[in-house]
Structure formats: C-alpha cells, structure tokens
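Worksheet for the structure shown next.
Every chain is numbered from 1 and lettered A, B, ... according to where its sequence line falls, protein lines coming before strand lines.
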Amino acid sequence: MHDIRFIREDPAAFDAGLKKRNLVPLAAELLEIDKRRRAAISESEGAQAKRKALSRQIGMAKGKGEPAEALMAEVAALEENLKKGEALAAELDAELVRRLEVLPNLPFDEVPEGTDETGNVEIRRVGSQRNFSFTPKDHVALGEATGEMDFATAAKISGSRFVVLRKHLARMERAIAQLMLDLHTSEEGGYTEINPPLLVRDDAAYGVGQLPRFAEDMFHTDNGYWLIPTAELPLTNLVRESVLEEKDLPLRFTAFTPCFRSEAGAAGKDTRGMIRQHQFPKVELVSIATPEQSAAEHERMTGRAEEVLRNLGLPFRTIVLCGGDMGPAARKTFDIEVWLPGQNAYREISSCSNCGEFQARRMAARYRPKEGKGTRFVHTLNGSALAVGRTLIAILENYQNEDGSVTVPEALRPYMGGLAVIPGPAAHK
RNA sequence: GGACAGGUGGCCGAGUGGUUUAAGGCACACGCUUGGAAAGCGUGCGUGGUGUAACAGCCACCGCGGGUUCGAAUCCCGCCCUGUCCGCCA
C-alpha cells in the first residue's frame with residue numbers, strides 16, 4: 001500500500017517506479033482523486049465542527065434550563081449537506097485506497113530493468129557442478145525406481161500435484177528441515193523458531209499483500225479460513241497492529257511449515273515431479289527491521305539461505321530479479337537457484353525479498369524510534385531458507401550414484417541416524 | 001456448538017447520553033534534587049487524517065460495522081475476539 005503523501009511529494013519518482021514494473025504512469029490520476037478527496041474532507045470536517053459546537057451549546061442551554069429550539073433548528077438545517085459531505089469524503093477516500101492497494105511496491109533504484117526472467121542478473125555462482133561418469137537421472141526417475149517417491153498413490157488420495165514419500169525419503173525430508181532450523185536458530189543464525197497457525201483470516205492475508213490480488217492462488221475453507229501459501233504470512237503478521245521499540249529490532253523469525261498453493265494459472269508448468277505441488281514443506285525466514293537496517297538485513301538473510309546450500313555441498317547461483325519478475329510486495333528480491341543435474345538447469349530454491357514498509361502499512365506495524373517523536377513503519381523481509389522439497393530433489397540429483405543409490409551429504413547424516421547411503425532399486429528387489 | 005462475563009491510549013485502569021475537551025497510574029523523555037544513584041517533585045507524552053513554511057487549529061478513533069439522537073466510550077442491532085463453565089475431542 002503506497003503512501004499518497006509520497007506520491008504528492010515526488011510524483012516523478014512514483015511513476016519511474018511503476019515504469020520499472022512495466023506499468024503506465026498513474027501519479028497524475030491518483031493526485032487528482034486525492035485533490036478531490038482532500039477538498040471533500042475539508043468541507044465535511046468544517047460542517048462537523050459547526051455541528052459539534054452547536055450541539056455543545058444545546059447541552060449548555062438545556063443544563064441551564066433555557067430553551068434550545070432555535071439552536072436545534074440550526075443544526076437540523078445543516079443535516080442534509082453534512083450527510084452528503086461525509087458520504088462524498090468517505091467515497092473518495094475508499095476510491096483512493098482501492099486504487100492504491102492493488103499497486104505493486106516500487107523497486108529500488110539498483111533493481112535492474114526488465115519485463116520477465118530474462119532481465120534478471122546473476123550476481124554470484126558458488127560450488128562446482130559435478131562431473132558425472134554416467135548420465136544423471138532426474139529426481140522422478142530416482143525416486144520412483146525405489147518406490148519411495150510415489151505420485152500414483154498420491155493421485156488416488158488427493159489428485160495431481162501431490163506426492164507420497166516413503167521410508168528414507170520421508171525421513172530425509174524431515175532431516176533437511178531439522179538441519180535448516182538448527183542452522184537458523186544457532187547463535188550465528190540468530191533466528192527465533194516459531195510454530196505458527198496454518199489457517200489464517202482475511203486480515204492477515206491482506207496484511208502481506210496476498211489479498212485482494214491473489215485470492216485464487218490460495219486454498220480457502222468453507223468457514224472462511226485461508227491455508228497459508230507460505231509461512232511468511234503468519235510470521236510477518238506476528239507484529240501486526242503493534243508498536244515495537246527500536247532497541248528490539250531487528251526481530252528474526254523462522255518456521256518450518258507446510259505451504260498450500262492452488263497453483264491456479266500454472267497449468268502445464270513444471271508438471272513433472274515434485275517441483276510444483278499443491279502442498280510442500282518450507283523453512284521460512286522473516287525479519288522485522290528499521291528502514292536503516294533493512295538493506296543490510298536483506299543481504300544477511302540471503303547469506304543465511306546460501307549457508308544452507310553450502311552446508312549441503314549443493315552448487316547454486318544467486319540472482320537479483322528485474323522489475324518485471326519481482327513479486328508485488330517486494331522492493332528488491334534475490335533468488336537462489338540450485339543446480340539440478342537431472343534437468344541440466346538451475347532451479348529456484350529460495351527467494352529473499354525486502355518489502356520496505358509496503359506490508360507494514362497494510363498491517364499497521366510500527367516502531368518507536370530512539371530519537372525523535374511519533375512512530376515509523378517497520379520494514380519487513382522474508383525469504384525461504386529453503387524450500388525443503390526442492391532441497392530434497394537437489395540432493396537426490398546431485399548426490400546420485402550410477403546404481404540409483406544416493407549418498408547422504410555429510411551434514412545430513414547426524415539427522416538420519418548416521419545413514420551414509422540411501423539404497424538404490426537393487427536393494428528393493 | 002451452548003451459557004455467562006468482558007474488549008477504553010505502548011501497558012494497567014476509571015468512566016451508563018451533554019465542562020470527558022477520555023480521569024488516574026505505569027512506562028518513557030526532559031528538568032529539579034544528589035558526591036553519584038534510587039526515591040521524591042515538576043513538565044511533557046496516544047493513533048490516523050486534514051491543515052501549516054513550521055507551529056497553531058480542525059476532524060475522526062474507546063474491538064469491528066451499522067443504527068437511534070441536536071449530541072454516543074455510554075443506548076439499540078449484527079459480527080469478531082478474549083476469559084470462565086458445559087458439551088465434544090487429538
């Protein structure tokens with residue numbers, strides 16, 4: 001949600017931000033609505049002030065036992081214009097909100113131009129791709145060969161885009177999440193583990209910008225709850241409608257949760273395997289920071305997500321998204337893409353965004369600065385660290401052996417009872 | 001799901017139609033006091049909008065949304081949330 005005062009002060013900067021989002025300029029149009037809105041407010045408030053003064057006089061007159069009929073007639077004469085003025089002011093105010101609440105956040109200056117993912121810019125590449133002495137399989141071939149990744153049974157129970165994991169793979173998914181949470185909640189990680197609700201109300205979904213734009217991407221229960229599409233939603237809303245103290249910032253939260261996405265409009269995209277599911281596990285990071293802290297906090301968060309991949313010995317690259325490829329709430333987004341030899345491609349495994357005060361405005365999340373008066377909106381940041389299902393895929397594909405077995409990365413072994421290798425299909429015969 | 005009791009500023013809390021123009025306290029800031037601190041005393045201190053060069057001023061906000069009234073924190077209706085008890089339940 002944008003601040004109309006910012007648009008008033010610097011309409012050119014606002015339109016430049018929209019341009020980077022590949023949107024047409026809107027400042028002039030919005031300011032025209034704002035102008036009419038403010039005029040209506042002034043008029044309406046003037047009438048209200050008059051009524052208030054007269055009503056007070058009526059009260060005083062009655063208190064002294066004097067007649068008040070003349071005063072009451074005077075107020076009655078105001079009534080019609082007063083109602084009309086109030087309605088007009090409310091209507092224009094609502095119109096401005098309707099226009100503003102669907103607009104995406106403005107990208108930072110350093111965000112590259114572009115209309116789609118081809119405009120994204122790689123900023124670093126870490127780890128080396130393994131040289132296979134055989135042709136690497138993808139995760140579907142590997143998982144189905146042992147029966148431990150079972151799409152057919154999942155389809156009988158729940159339909160497409162679900163999976164049943166069994167035995168070693170079920171355990172590995174749990175192990176991956178444990179490793180991630182331990183890294184994030186360590187002294188160096190600095191995050192506080194949270195176990196949040198997975199069903200949320202409209203207000204919470206609105207607060208992070210999921211509503212009103214993305215209603216169809218979420219699952220909705222028949223008694224009015226939304227299933228969270230990401231733990232960003234409840235974690236960010238932990239500070240909604242509150243005033244924090246500057247000394248307590250930044251706040252850092254992490255959670256391991258399932259995420260639910262209806263994936264409306266994604267038909268035909270990534271239909272093979274576990275890449276895109278209706279339900280998937282994810283470890284999420286959220287930071288609540290001051291405006292001065294948020295840029296550095298964004299780098300730090302991205303670094304913590306990368307740290308997981310370093311721990312697991314998975315090659316990856318980090319890119320900065322261009323204006324046309326970012327999510328609406330973000331001012332800047334880093335994506336981390338892991339190398340998948342079975343697909344011969346880098347695939348997204350994390351997305352870390354600095355949302356500035358965009359979500360904070362919608363949630364009324366503020367803090368009291370040490371210096372100066374009043375309150376300011378906090379900055380909110382969120383990032384996956386990491387998508388657990390995709391991490392599982394990456395391990396299978398990168399650590400596979402020729403016989404279909406999979407070596408367990410060193411860092412994961414303590415979480416899997418010391419298991420060093422997940423047996424291949426031969427062991428299941 | 002049912003019954004009852006509640007929801008007031010960052011926090012606690014008074015307030016059942018008209019000097020409430022939201023008392024009082026805590027916390028916080030500044031000052032006085034002090035060798036230094038605590039205590040004490042004094043002053044300031046809600047949010048949003050509008051307005052202004054900046055102040056001032058003005059409007060709204062007492063869980064949310066409607067309504068009654070010249071006037072609503074206060075009365076009426078609907079909803080949300082919290083607590084307690086009952087029912088059900090992993």
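- Qualifying ring pair (Phe, Tyr, Trp, His ring centres under 6.0 Å) partners for A/Tyr367, counting only residues two or more places apart in sequence or in other chains: none.
- Listed by chain and number, the residues in a salt bridge (Lys or Arg N to Asp or Glu O under 4.0 Å) with A/Glu292 are A/Arg376 (sequence neighbours excluded).
- For A/Leu82, the side-chain contact (heavy atoms from CB on, under 4.5 Å) test picks out A/Ala47, A/Arg51, A/Glu86, with sequence neighbours left out.
- With sequence neighbours left out, the side-chain contact (heavy atoms from CB on, under 4.5 Å) criterion links A/Ala394 to A/Leu314, A/Val338, A/Leu340, A/Asn398.
- Considering only residues two or more places apart in sequence or on other chains, A/Ser42 meets the side-chain contact (heavy atoms from CB on, under 4.5 Å) condition with none of them.
- Not counting sequence neighbours, A/Glu307 has no partner by the salt bridge (Lys or Arg N to Asp or Glu O under 4.0 Å) test.
- Contacts of A/Phe162 classified as ring pair (Phe, Tyr, Trp, His ring centres under 6.0 Å), with partners at least two apart in sequence or in another chain: A/His278.
- In this structure, the side-chain contact (heavy atoms from CB on, under 4.5 Å) partners of A/Pro104, at least two apart in sequence or on a different chain, are A/Arg21, A/Leu23, A/Arg213, A/Pro328.
- To the nearest whole angstrom, the two P atoms, one in B/G65 and one in B/A56, are 28 Å apart.
- Of the P atoms belonging to B/G49 and B/G44, the separation is 26 Å, rounded to the nearest Å.
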Contacts under 3.5 angstrom, residues 172-183 of chain A side chains, donor-acceptor by atom type, not counting sequence neighbours:
| unit_1 | atom_1 | unit_2 | atom_2 | d |
| --- | --- | --- | --- | --- |
| A/Asp182 | OD2 | A/Tyr415 | OH | 2.7 |

Heteroatom pairs (N/O) under 3.5 angstrom, protein to nucleotides 76-81 of chain B:
| unit_1 | atom_1 | unit_2 | atom_2 | d |
| --- | --- | --- | --- | --- |
| B/C80 | O3' | A/Arg201 | NH1 | 3.3 |
| B/C80 | O2' | A/Arg201 | NH2 | 3.2 |
| B/C81 | OP1 | A/Arg201 | NH1 | 3.4 |

Under 3.5 Å, which N/O atoms of the protein pair with N/O atoms of nucleotides 56-60 of chain B?
| unit_1 | atom_1 | unit_2 | atom_2 | d |
| --- | --- | --- | --- | --- |
| B/C59 | O3' | A/Gln48 | OE1 | 3.3 |
| B/C59 | O2' | A/Gln48 | OE1 | 3.4 |
| B/C59 | O2 | A/Glu45 | OE2 | 3.4 |
| B/A60 | OP2 | A/Lys52 | NZ | 3.0 |

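- In the set B/G49, B/G51, B/G10, the nucleotide with an atom closest to the side chain of A/Arg38 is B/G51.
- Nucleotide B/C85 forms a Watson-Crick or G-U wobble pair with B/G2, both donor-acceptor distances falling under 3.5 Å.
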Which atom pairs link the protein and nucleotides 61-69 of chain B when you take only N or O atoms and keep those under 3.5 Å?
none

